[in-house]
Protein chains: 2
Amino acid sequence: MSLDHIILGLLREPLSGYELKTHFDKMISHFWAAEQSQIYRSLKKLEQEGMLNCAEASSSKGPTRKIYSLTAKGRAFLHQWLRDEPLIDKVRVNFVAQLCFMGDLEDPQQTLSFLEQLQLKQRQSLGMLKSIDYVFGQSNPNYPDSLPWRDYHFALTLDMGISALESRIEWCERTITRLKRRVAEENP
Amino acid sequence: MSLDHIILGLLREPLSGYELKTHFDKMISHFWAAEQSQIYRSLKKLEQEGMLNCAEASSSKGPTRKIYSLTAKGRAFLHQWLRDEPLIDKVRVNFVAQLCFMGDLEDPQQTLSFLEQLQLKQRQSLGMLKSIDYVFGQSNPNYPDSLPWRDYHFALTLDMGISALESRIEWCERTITRLKRRVAEENP
DNA sequence: TGTCACATGTAAGACGTTACATGATTTT
DNA sequence: AAAATCATGTAACGTCTTACATGTGACA
């Protein structure tokens with residue numbers, strides 16, 4: 001399960017469950033979504049399996065925290081996953097499913113407006129990703145090529161996300177144009 | 001839940017559970033994966049909810065089949081979903097998660113080989129999608145623009161899938177080149 | 001007689017979502 | 001005193017995966 005592996009990956013420095021959740025939201029959510037309750041459940045399981053150590057630490061803010069860190073077994077498990085072949089997911093893309101059956105409505109304006117809304121949403125996602133990328137690339141003259149090896153890989157994931165969104169936005173643009181032409185030709 | 005909606009969408013003609021599964025594999029799997037056991041479970045639930053009618057039919061081949069068809073309620077439920085705004089999924093992309101932490105291995109050859117394998121897999125997926133698209137576009141002079149409205153929407157989903165894969169393959173190509181240059185510069 | 005394609009289902013467990021519960025510290 | 005942030009968790013429910021169970025008809 002990749003959630004487990006991602007948690008192990010983030011624990012290159014010891015973190016609490018709460019900190020893991022903030023890392024997910026800030027750095028990971030563009031390619032992996034996780035709920036807080038899932039994270040706590042996985043941490044418990046990984047500790048039971050001997051992948052993680054847990055140390056209680058009183059915090060200056062709020063109640064005591066549990067700080068998790070990698071064991072040798074956890075690191076080995078992570079590295080094995082990193083050396084696996086690229087894992088291709090089963091796809092489940094809601095908006096493509098909607099588009100697939102939207103012909104049933106026999107309503108070109110609906111399809112057009114759907115594609116325009118989709119494009120807008122993707123533009124908003126792109127904006128957010130680009131701002132993360134901008135912050136990450138700040139103060140770095142030759143971003144991302146001169147980054148340290150680990151940060152470089154993170155930058156690659158941002159770049160892939162940006163590239164995928166740009167491609168989808170362009171597809172929307174082409175398809176909206178094509179649809180408008182078809183509608184115009186059928187209603188002369 | 002989109003699986004329910006997709007099943008309703010496929011039932012524009014009455015089908016058995018088995019036929020639904022073959023439709024999924026042939027036409028739907030490039031944007032939605034479903035296991036056979038999920039389909040039977042959903043069919044049972046949708047029938048209980050009054051979205052589907054069920055008729056038993058003896059087949060010339062094999063045991064008796066259950067043929068499902070849409071009720072008015074099911075059609076209304078489907079159409080409401082089609083008029084919803086574009087539903088954006090929570091992302092979970094395994095290979096990006098792997099890439100994100102692959103810097104830990106400190107092994108440029110591993111990253112390079114990972115990207116090459118990824119590119120190859122995406123090329124294979126692209127080949128399969130293009131062959132579906134080719135068959136679907138056969139005997140149609142002005143494919144896809146002159147297709148009937150419903151088929152046209154299906155063709156759009158193929159086109160989106162092809163476009164996304166091509167974009168990802170190009171990203172792999174660019175990134176492999178960039179990585180090789182970095183490795184060469186660091187090992188002169 | 002074996003195996004392939006047809007055909008329908010159940011069971012157990014893993015994973016994911018949503019809502020709720022609890023409580024400390026800091027800020028307004 | 002109220003609200004925001006820090007911090008950790010549980011409960012209930014729903015979905016998905018994997019494996020298994022059952023049986024027919026056609027064909028080699």
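Convention: sequence-line order gives letters A, B, ...; per-chain numbering from 1.
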Undergrad: What do you reckon, are the aromatic ring centroids of F77(B) and H5(B) less than 6.0 Å apart?
TA: yes
Undergrad: Donor-acceptor pair under 3.5 Å: do we get one between R92(B)'s side chain and the base of dG16(C)?
TA: no
Undergrad: Which one, dT10(D), dG16(C), dC16(D), comes nearest to the side chain of K44(A)?
TA: dT10(D)
Undergrad: Applying ring pair (Phe, Tyr, Trp, His ring centres under 6.0 Å), can you list everything that pairs with Y18(A), at least two apart in sequence or on another chain?
TA: none
Undergrad: Just the rounded figure in Å: distance from P of dT17(D) to CH2 of W32(B).
TA: 10 Å
Undergrad: Side chains of N140(B) and S146(B): is there a donor and an acceptor less than 3.5 Å apart?
TA: yes
Undergrad: Rounded off to whole Å, could you give me the CG-to-C1' distance for the D4(A) and dC15(C) pair?
TA: 10 Å
Undergrad: Who passes salt bridge (charged side-chain N to carboxylate O under 4.0 Å, His left out) against E186(A), sequence neighbours left out?
TA: R182(A)
Undergrad: Enumerate the residues from residues 7-15 of chain B whose closest heavy atom to DNA chain C is under 4.0 Å, giving them by residue number; use none for an empty result.
TA: none
Undergrad: I need the CE-P distance between M1(B) and dG16(C), as an integer number of Å.
TA: 15 Å
Undergrad: Rounded off to whole Å, could you give me the CZ-to-P distance for the R41(A) and dC13(D) pair?
TA: 15 Å
Undergrad: So which nucleotide from dG9(C), dT8(D), dT8(C) ends up closest to the side chain of K66(B)?
TA: dG9(C)
Undergrad: Quick one: which residue pairs count as a salt bridge (charged side-chain N to carboxylate O under 4.0 Å, His left out) with a foot in residues 36-51 of chain B, not counting sequence neighbours?
TA: D4(B)-K45(B)
Undergrad: Looking at Y18(B), does any N or O in its side chain come under 4.0 Å of the phosphate oxygens OP1/OP2 on dT8(C)?
TA: no
Undergrad: Considering only residues two or more places apart or on different chains, which pairs with a residue in residues 124-133 of chain A satisfy salt bridge (charged side-chain N to carboxylate O under 4.0 Å, His left out)?
TA: K130(A)-E166(A)
Undergrad: K45(B) has an atom NZ; how far is it from atom C1' of dG9(C), in whole Å?
TA: 17 Å
Undergrad: Name all pairs fulfilling the ring pair (Phe, Tyr, Trp, His ring centres under 6.0 Å) condition that reach into residues 119-172 of chain B, sequence neighbours left out, sorted by first residue then second.
TA: F136(B)-F154(B), W149(B)-Y152(B), W149(B)-H153(B)
Undergrad: A33(A): what forms a side chain to side chain contact (heavy atoms under 4.5 Å, CB included) with it, not counting sequence neighbours?
TA: K90(B), R92(B)
Undergrad: Run the side chain to side chain contact (heavy atoms under 4.5 Å, CB included) test against Q110(B) and tell me which residues pass, sequence neighbours left out.
TA: R83(A), M102(B), L105(B), D107(B), F114(B)
Undergrad: Sort me out a list of protein N/O and nucleotides 18-21 of chain C N/O pairs below 3.5 Å, or just none if empty.
TA:
{"unit_1": "dT18(C)", "atom_1": "O4", "unit_2": "S37(A)", "atom_2": "OG", "d": "2.8"}

Undergrad: Tell me: CZ of R65(B) to P of dG25(D), nearest whole Å?
TA: 14 Å
Undergrad: For the side chain of Y40(B), starting at C-beta, report the closest nucleotide among dG16(C), dT8(D), dA7(C).
TA: dA7(C)
Undergrad: For residues 66-75 of chain A, which residue pairs qualify under salt bridge (charged side-chain N to carboxylate O under 4.0 Å, His left out), counting only residues two or more places apart or in two chains?
TA: none
Undergrad: Rounded to whole angstroms, how far apart are OH on Y68(A) and P on dA7(D)?
TA: 14 Å
Undergrad: Check each residue of residues 19-28 of chain A for a non-hydrogen atom within less than 4.0 Å of any atom in DNA chain C, then write out the ones that pass by number, or none.
TA: none
Undergrad: Please assess V91(A) against H30(B) for the test side-chain contact (heavy atoms from CB on, under 4.5 Å), listing each intermediate value before the final yes or no.
TA: CA-CA 7 Å; V91(A) 281; H30(B) 72 277; 5.8 Å; no
Undergrad: Tell me, which pairs form a salt bridge (charged side-chain N to carboxylate O under 4.0 Å, His left out) where one or both residues lie in residues 24-33 of chain B, sequence neighbours left out?
TA: K21(B)-D25(B)
